[in-house]
Amino acid sequence: MVIKDILALVEKETGLDLSVRSRKRELVYYRYVYFKLAREHSYSALSDIGALIGRDHSTVLHGIKVFNDVVSVYEYDIYKTYNKISAICKGRRYISEKYVNPESYYRQKCFRYLSMVRELRNENRELKNKQYV
């Protein structure tokens, strides 16, 4: 799984920019959620996970520890968000564009179906013309 997609999913779900240099509790805890998800659902190194939002490997390690000890026990809403995002990530090697950018995903899907319908209509017309000739 790609850590950029996990980051995008967490930012979309929370409405926060995790790379902002702030120490607000909610923002810090959601960073820890990102660290935990990236560690669980990717094979990326701690330094790569942290570098994506301007942190180093020790911050990622500390964040995972705090998530396990504090966030999962005392912060119910944040833990609920973690479970929701983790459910999306489970069993997948990558996060589909459907979850990261649903509007674009469905627009492209609709376009593909319309293209297939047009091709089938053209084939059908060609077959009808061959039958009458």
Side-chain angles (χ1 to χ4, degrees):
M1 207 164 181
V2 181
I3 56 176
K4 289 180 183 177
D5 293 337
I6 295 172
L7 178 63
L9 192 58
V10 172
E11 287 181 341
K12 179 183 175 285
E13 194 66 37
T14 61
L16 299 171
D17 181 13
L18 300 182
S19 61
V20 171
R21 297 297 253 182
S22 173
R23 293 185 184 179
K24 289 185 179 179
R25 181 180 302 201
E26 182 183 31
L27 181 63
V28 170
Y29 284 169
Y30 280 119
R31 271 190 215 124
Y32 296 166
V33 167
Y34 157 68
F35 294 156
K36 179 78 171 171
L37 288 168
R39 187 66 172 161
E40 287 179 348
H41 299 287
S42 74
Y43 296 109
S44 299
L46 294 174
S47 57
D48 295 336
I49 293 170
L52 199 56
I53 60 171
R55 303 294 188 272
D56 61 359
H57 73 282
S58 61
T59 306
V60 175
L61 200 56
H62 174 73
I64 293 171
K65 182 181 183 301
V66 170
F67 179 86
N68 292 332
D69 295 343
V70 178
V71 176
S72 62
V73 177
Y74 299 109
E75 298 292 334
Y76 177 73
D77 293 335
I78 295 173
Y79 191 69
K80 194 167 111 177
T81 304
Y82 161 77
N83 282 332
K84 181 178 179 182
I85 297 170
S86 184
I88 293 171
C89 296
K90 269 193 180 130
R92 297 171 187 235
R93 289 198 161 288
Y94 61 94
I95 296 177
S96 172
E97 182 71 17
K98 177 179 179 180
Y99 299 108
V100 176
N101 191 357
E103 185 178 326
S104 172
Y105 169 79
Y106 285 113
R107 185 179 300 128
Q108 290 174 358
K109 187 175 182 178
C110 182
F111 180 75
R112 282 193 305 265
Y113 285 132
L114 287 174
S115 298
M116 288 184 344
V117 167
R118 286 182 188 140
E119 288 177 19
L120 290 172
R121 283 184 185 165
N122 289 337
E123 289 176 10
N124 193 13
R125 284 184 192 142
E126 290 174 7
L127 287 175
K128 284 183 180 180
N129 290 338
K130 286 182 181 181
Q131 288 176 355
Y132 292 119
V133 174

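Side chains included, hydrogens not; waters and symmetry mates left out as well; all remaining heavy atoms used.
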Legend entry - Steps toward side chain to side chain contact (heavy atoms under 4.5 Å, CB included) verdict (Ile49, Arg55): CA-CA 8 Å; Ile49 293 170; Arg55 303 294 188 272; over 6 Å; no

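- The cluster map of Ile, Leu, Val, Met, Phe, Trp and Tyr, joined by side-chain heavy atoms under 4.5 Å apart, puts Val117 and Leu127 in different clusters.
- When side chains are defined from C-beta on, Thr81 does not count as touching Tyr29, because their heavy atoms never get closer than 4.5 Å.
- With hydrophobic clusters built from ILVMFWY side chains whose heavy atoms lie under 4.5 angstrom apart, Tyr106 does not share a cluster with Met116.
- Remark: Ile78 CD1 to Glu26 CD distance equals 6.0 Å, nearest 0.5 Å.
- Within the 4.5 Å cutoff, no side-chain heavy atoms of His57 are placed close to those of Leu61.
- Closest heavy-atom contact between Tyr30 and Asp77: OH-O, 4.4 Å.
- Val71 and Tyr79 make their closest contact through O-CB, 4.2 Å (heavy atoms, listed as atom of the first residue, atom of the second, distance).
- Contact check for Glu123 versus Leu120: side-chain heavy atoms found under the 4.5 Å cut-off.
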Inset, instruction - Walk me through it: do Ser44 and Leu52 pass the test side chain to side chain contact (heavy atoms under 4.5 Å, CB included)? - result: CA-CA 11 Å; Ser44 299; Leu52 199 56; over 6 Å; no

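- Rounding to the nearest 0.5 Å places CD of Glu119 at 6.5 Å from OG of Ser115.
- No donor-acceptor pair under 3.5 Å is formed between the side chain of Glu75 and the backbone N or O of Val70.
- Rounded to the nearest 0.5 angstrom, Leu7 CG and Leu37 CG are separated by 10.5 Å.
- Checking Asp56, Val60, Thr59 one by one against Leu46, the side chain to side chain contact (heavy atoms under 4.5 Å, CB included) holds for a single residue, Val60.
- Residue Ser22 comes nearest to Arg31 through the heavy atom pair O-NH2, 3.0 Å, listed as atom of the first residue, atom of the second, then distance.
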Inset, instruction - Could you check Ile85 against Tyr34 for side chain to side chain contact (heavy atoms under 4.5 Å, CB included), going step by step and ending with a plain yes or no? - result: CA-CA 10 Å; Ile85 297 170; Tyr34 157 68; over 6 Å; no

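- Minimum interatomic distance between Asp69 and Ser72 (heavy atoms only, all atoms of both residues): N-OG, 4.5 Å.
- Counted by atom type alone, Ser86 and Asn83 present zero donor-acceptor pairs between their side chains at under 3.5 Å.
- With Tyr82 as the partner, the side-chain hydrogen bond (donor to acceptor under 3.5 Å, both in side chains) test is satisfied by one option alone out of Lys36, Glu40, Glu13: Glu40.
- Atoms CG and OH, on Leu18 and Tyr32 in that order, are 12.0 Å from each other to the nearest 0.5 Å.
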Inset, instruction - Please assess Asp5 against Leu9 for the test side chain to side chain contact (heavy atoms under 4.5 Å, CB included), listing each intermediate value before the final yes or no. - result: CA-CA 6 Å; Asp5 293 337; Leu9 192 58; over 6 Å; no

